[in-house]
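Atom set for the values below is all heavy atoms of this structure, side chains included, hydrogens, waters and symmetry mates excluded.
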Amino acid sequence: MGSGDGQRMRSAFEDWLRAHGWKILATTCIHSCADIEAWHPDGARLLVEVQADTGADTLGPDLDTAYGRLLRRMDDVPSSRYAMVVPEGAVAAARQVTWRVRQLLRTDLYAVDRAGAVRRIEG
């Protein structure tokens, strides 16, 4: 996730997490770790994939790849949850992985708008 938009979204989501009591772990790996790993004082662990708007007609396939990366990072740790963070304009495409499937995979969906506001997508 090297794009300027991806960095903006990552920073906005990290700020949102901190405001909600999460501690962001420093990223020490290069290719195989989540974009964000965070821990909550209640013991919850969150692994986050941030998918920036890559432009043109590639967002759908890019989201498929992002969901695949998140899926590969899933583990058997009961406290682990997962999150996909997308640009506000990509919510419809990200919802093609249905709420029920995301629920089974313990994966939440969040959107970040141009101003950096974060919202959790319900359903």
Just do the side chain to side chain contact (heavy atoms under 4.5 Å, CB included) check on Leu105 and Arg102 with the steps written out, would you?
CA-CA 5 Å; Leu105 295 173; Arg102 286 184 275 120; 5.9 Å; no
Taking all non-hydrogen atoms of both residues, which atom of Gly21 and which atom of Pro41 are closest, and how far apart?
O-CD, 3.0 Å
With no hydrogens and no angle check, is any side-chain donor or acceptor of Tyr67 less than 3.5 Å from a backbone partner on Ala94?
yes
Taking all heavy atoms of Trp39 and all of Ser79, pick out the closest pair and write down the distance.
CZ3-OG, 4.2 Å
Between Gln7 and Arg10, a side-chain donor and acceptor under 3.5 Å:
no
Could you report the tightest heavy-atom contact between Ala66 and Gln51, atom names first, then the distance?
CB-OE1, 3.5 Å
Are Val101 and Leu47 connected in a single hydrophobic cluster, I mean Ile/Leu/Val/Met/Phe/Trp/Tyr linked by side-chain heavy atoms less than 4.5 Å apart?
yes
Trp16: partners by ring pair (Phe, Tyr, Trp, His ring centres under 6.0 Å), with sequence neighbours left out
Phe13, His20, Tyr110
Report the distance from atom CE of Met84 to atom CD1 of Ile121, rounding to the nearest 0.5 Å.
13.0 Å
Kindly work out whether a path of hydrophobic side-chain contacts (I/L/V/M/F/W/Y, heavy atoms less than 4.5 Å apart) joins Leu71 to Val86.
yes
With rounding to the nearest 0.5 angstrom, report the CE to CD distance, Met9 to Glu14.
12.0 Å
Pair Asp108 + Arg120, salt bridge at N-O below 4.0 Å
yes
Do you know which two heavy atoms are closest between Thr107 and Met74, and how far apart they sit?
OG1-CE, 3.3 Å
Looking at Asp5 and Ala52, would you say the former's side chain and the latter's main chain have a donor-acceptor pair under 3.5 Å?
no
Going through the distances and angles, do Arg81 and His40 end up as a side chain to side chain contact (heavy atoms under 4.5 Å, CB included)?
CA-CA 11 Å; Arg81 286 202 58 81; His40 197 270; over 6 Å; no
Do Trp99 and Val85 belong to the same hydrophobic cluster, where Ile, Leu, Val, Met, Phe, Trp and Tyr are linked whenever their side-chain heavy atoms lie under 4.5 Å apart, directly or via other members?
no
On a heavy-atom basis, the closest approach of Arg45 and Ser80 is NH1-OG, 2.9 Å
Return the OG1 to CG distance between Thr98 and Leu104, rounded to the nearest 0.5 Å.
8.0 Å
For Val112 and Arg8 the tightest heavy-atom approach is CG1-NH1, 3.8 Å
Rounded to the nearest 0.5 Å, the CG atom of Leu109 sits from the CZ atom of Arg119 at a distance of 8.5 Å
What distance separates Ile24 CD1 from Leu46 CG, expressed to the nearest 0.5 Å?
8.0 Å
Arg73 side chain vs Cys33 backbone, donor-acceptor pair below 3.5 Å:
yes
Any Tyr82 side-chain heavy atom under 4.5 Å of Val48 side chain:
no
